[in-house]
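Naming: A, B, ... by sequence-line order, numbering from 1 per chain.
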Protein chains: 2
Amino acid sequence: MDTIALSQDQQRLARMLKALGNPVRFRIIQFLAEHQTCITNDIVQSTPLAQSTISQHLKVLRDAGLIQGEYEGPATCYCLDTEGVRWLKNQIGNWLSECCQ
Amino acid sequence: MDTIALSQDQQRLARMLKALGNPVRFRIIQFLAEHQTCITNDIVQSTPLAQSTISQHLKVLRDAGLIQGEYEGPATCYCLDTEGVRWLKNQIGNWLSECCQ
DNA sequence: TCGTTATATCGTAATTATACGATATAGTCT
DNA sequence: AGACTATATCGTATAATTACGATATAACGA
């Protein structure tokens with residue numbers, strides 16, 4: 001599957017899906033959806049995992065374009081990347097439309 | 001994230017997303033969508049990967065409920081699990097509907 | 001029954017992901 | 001400047017994934 005590569009969009013989509021495929025990251029997205037916006041520590045507090053671990057997961061989600069983070073004083077304020085999430089939902093919505101409804 | 005576990009549906013969803021997050025498996029799904037139905041060897045031929053590798057990927061997709069396979073003589077005939085794909089598309093469609101469109 | 005064909009599974013090596021503690025960085029307040 | 005707070009990054013151990021070749025399984029035809 002190296003010769004028959006994915007398109008740019010498909011690569012982006014696969015990247016997002018992979019990011020979401022991890023249960024911890026999936027929960028982080030849910031958490032952000034419920035809380036609109038919050039700092040890293042809020043997310044850390046909601047889990048039994050170490051701060052460094054969560055920070056790592058946040059990076060993956062950020063790189064995938066699913067969340068955004070901006071500095072607020074010493075903290076980082078995270079929220080969903082609604083643009084990215086919408087794009088993802090759109091892609092999946094149109095995906096395999098010929099065969100699966 | 002062990003204490004605050006995912007629901008049954010969310011686990012199933014995450015499992016599907018993880019399966020699709022791999023570029024090889026993503027291409028297999030595309031291939032099946034284009035060819036409707038085909039045997040393992042057709043998929044193997046379309047890639048530079050070994051037969052055993054593809055077989056392994058097919059198992060992951062099958063376990064995730066994204067494809068179905070049934071024996072046709074010595075071969076296995078694969079096709080999309082339209083039920084599963086539709087469920088996935090539905091889940092993503094309704095997902096985060098409050099915040100993202 | 002004995003090949004032949006098509007897959008699945010096994011054993012295993014190499015890579016990637018996941019988790020942690022320790023440390024670095026950067027803003028804030030005194 | 002110095003202490004405090006919140007995060008990110010580094011180094012590293014462990015686990016999971018991905019790939020391969022070799023082998024097992026199961027149907028089919030001579």
Whether [X] contacts [N] is assessed here as follows: a side-chain N or O lying under 4.0 Å from the phosphate OP1 or OP2. Is that the case?
X	N	value
A:Tyr78	D:dA6	no
A:His57	C:dA19	yes
A:Arg25	C:dT18	yes
A:Lys18	D:dT17	no
B:Asn22	D:dT18	yes

Can you check the [X] [atom1] to [N] [atom2] distance for me, whole Å?
X	N	atom1	atom2	result
A:Asn41	D:dA8	CG	P	11 Å
A:Ile67	D:dT7	CD1	C1'	13 Å
A:Glu70	D:dA8	CD	P	13 Å
A:Ile54	C:dA17	CD1	P	17 Å
B:Arg62	C:dT7	CZ	P	12 Å
A:Lys59	C:dA17	NZ	C1'	14 Å
A:Asp63	C:dA17	CG	P	12 Å
B:Asp42	C:dT5	CG	P	16 Å

- Item | Side-chain donor-acceptor pair present, A:Trp95, A:Gln10, cut-off under 3.5 Å |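 Not at all, the side chains of A:Trp95 and A:Gln10 share no donor-acceptor pair under 3.5 Å.
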- Query: Looking only at heavy atoms, what is the nearest atom pair of B:Leu88 and B:Met16, with distance?
  - Reply: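 Scanning both residues, the minimum pair turns out to be CB-SD, 3.7 Å.
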- Message: Of the options C:dA6, C:dA19, D:dT18, whose atoms approach the side-chain atoms of B:Ile39 most closely?
- Response: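 That would be C:dA6.
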- Query: If you check the A:Leu49 side chain, which of D:dA6, C:dA19, D:dT17 turns out closest?
  - Reply: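 The closest nucleotide is C:dA19.
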From [X] atom [atom1] to [Y] atom [atom2], the distance as rounded to the nearest 0.5 Å:
X	Y	atom1	atom2	answer
A:Leu66	A:Leu58	CG	CG	11.5 Å
A:Ile43	A:Ile67	CD1	CD1	6.5 Å
A:Asp81	A:Ile29	CG	CD1	9.5 Å

- Message: Applying a 4.0 Å non-hydrogen cut-off, can you work out what B:Ser55 is touching in the nucleic acid: base, sugar-phosphate, or nothing?
- Response: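 B:Ser55: base contact, heavy atoms under 4.0 Å.
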- Quick check: does any side chain N or O of B:Asp42 sit under 3.5 Å from a backbone N or O of B:Ile39, one acting as donor and the other as acceptor?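 Yes, because the side chain of B:Asp42 sits within donor-acceptor range (under 3.5 Å) of the backbone of B:Ile39.
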- Item | Whether B:Thr76 side chain and B:Glu70 backbone form a donor-acceptor pair below 3.5 Å |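 It does not hold such a pair.
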- Is any side-chain N or O of A:Gln56 under 3.5 Å from a base N or O of C:dA19, one able to act as donor and the other as acceptor?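 Yes.
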N/O-N/O pairs, protein side and nucleotides 21-27 of chain C side, under 3.5 Å:
from   : atom 1 : to      : atom 2 : distance (Å)
C:dG21 : N7     : A:Ser52 : OG     : 3.3
C:dG21 : O6     : A:Ser52 : OG     : 3.2

